[in-house]
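In what follows, a single structure is set out as structure tokens and then discussed.
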Amino acid sequence: DGGITQSPKYLFRKEGQNVTLSCEQNLNHDAMYWYRQDPGQGLRLIYYSQIVNDFQKGDIAEGYSVSREKKESFPLTVTSAQKNPTAFYLCASSTGGHNSPLHFGNGTRLTVT
Amino acid sequence: AQSVAQPEDQVNVAEGNPLTVKCTYSVSGNPYLFWYVQYPNRGLQFLLKYITGDNLVKGSYGFEAEFNKSQTSFHLKKPSALVSDSALYFCAVRPGRYGYQKVTFGTGTKLQVIP
């Protein structure tokens, strides 16, 4: 079955440590996205990539970094510079067409203490 | 700037009754509108979209949505609610223009269907 796989499902880290969240898709989609979800705030865009080897900052990119070396992979690194990293992180992909819906992974819940 | 408002944090409905989850939007030009559903600790699932044409759009699991341009609304509806419909629902909008266009999500409405 085609889809998006995010791993791990739960992640715990100490403050000051960088952590990388994995996102892999086998839908052959060109565009990939990272969102952060906090209660009552909806989804906020962190980074997006429309094509391999290219990515752009979203609304809340500070303290995060990404890479897009392969079409199917779009890992997100949460750095120690992110002030409030504890959240639910969602990866999504789309064909890139202007009316195409987003396909989401099942998320990674990151807790930083 | 574009925006989406979901005025109700929670909607409660009895099983078998019709349900409506409200959404209004603001965007320049023609809107592309989407509804997604999220079950606990899961990602969002696409339900339906409005791009152009008929104002009543039918989607997955018996859901439909009505586009109203004059009221800038895109309310989600279902004739008969099921307990399994209980979830978090998100409305989203993007401008109907070519090239990359940002998708803006509402803050979500929790639907509780009471047996």
Side-chain angles (χ1 to χ4, degrees), chain A residues 3-11 21 23-25 27 29-51 54-61 87-111, chain B residues 1-10 21 23 25 27 29-53 57 59-60 63 65 67 74 87-110:
Chain A
I4 300 179
T5 301
Q6 289 188 244
S7 60
K9 188 173 179 64
Y10 299 96
L11 192 53
L21 283 59
C23 177
E24 303 278 331
Q25 55 102 356
L27 298 167
H29 285 171
D30 286 317
M32 297 187 74
Y33 311 80
W34 275 106
Y35 287 90
R36 171 179 171 142
Q37 184 177 14
D38 296 283
Q41 293 196 48
L43 276 68
R44 292 182 289 168
L45 182 65
I46 304 172
Y47 268 97
Y48 66 95
S49 168
Q50 292 181 268
I51 199 168
D54 184 60
F55 50 82
Q56 305 295 329
K57 293 181 179 180
D59 299 319
I60 56 165
F88 190 50
Y89 290 88
L90 288 163
C91 180
S93 71
S94 76
T95 62
H98 56 285
N99 62 1
S100 58
L102 299 175
H103 296 255
F104 285 84
N106 281 327
T108 292
R109 188 168 297 281
L110 173 64
T111 302
Chain B
Q2 63 202 57
S3 64
V4 176
Q6 293 182 244
E8 300 154 318
D9 290 336
Q10 181 160 335
V21 182
C23 171
Y25 65 90
V27 69
N30 293 323
Y32 290 171
L33 294 154
F34 304 83
W35 275 103
Y36 294 85
V37 60
Q38 184 181 33
Y39 297 98
N41 295 311
R42 304 293 296 271
L44 279 67
Q45 296 176 34
F46 169 69
L47 278 179
L48 51 79
K49 67 180 179 182
Y50 171 83
I51 303 301
T52 188
V57 178
S60 306
F63 284 93
F67 172 65
F74 189 55
L88 188 57
Y89 291 81
F90 288 95
C91 181
V93 66
R94 82 192 310 176
R97 296 193 293 269
Y98 288 94
Y100 173 74
Q101 300 295 337
K102 175 186 167 183
V103 177
T104 297
F105 287 85
T107 53
T109 298
K110 183 178 180 181

Below 4.5 Å from any heavy atom of chain A, which atoms of [X] appear? Answer side chain, backbone, both or neither.
| X | answer |
| --- | --- |
| I51(B) | side chain |
| Q45(B) | neither |
| D9(B) | neither |
| Y39(B) | neither |

What pair of heavy atoms forms the shortest contact from L90(A) to R42(B), and how long is it?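 That closest heavy-atom pairing would be CD2-O, 4.4 Å.
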Do you know the tightest heavy-atom contact between P101(A) and K49(B)?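 So the minimum-distance heavy-atom pair works out to CD-NZ, 4.2 Å.
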For N30(B), does the CG atom have more than 12 heavy-atom neighbours from other residues, nucleotides or ligands under 6.0 Å away? no
Please assess Q37(A) against F105(B) for the test side chain to side chain contact (heavy atoms under 4.5 Å, CB included), listing each intermediate value before the final yes or no. CA-CA 11 Å; Q37(A) 184 177 14; F105(B) 287 85; over 6 Å; no
Would you compute the distance between atom CG of N99(A) and atom CG of L33(B) and round it to the nearest 0.5 angstrom? 12.0 Å
Looking at OG1 of T107(B) and CG of L43(A), how far apart are the two atoms once the value is rounded to the nearest 0.5 Å?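 Interatomic distance, T107(B) OG1 to L43(A) CG, rounded to 0.5 Å: 10.5 Å.
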Step by step, would you call F34(B) with L102(A) a side chain to side chain contact (heavy atoms under 4.5 Å, CB included)? CA-CA 10 Å; F34(B) 304 83; L102(A) 299 175; over 6 Å; no
Does the side chain of Y35(A) reach to within under 4.5 Å of the side chain of V103(B), using non-hydrogen atoms?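 Of all side-chain heavy-atom pairs linking V103(B) with Y35(A), at least one is under 4.5 Å.
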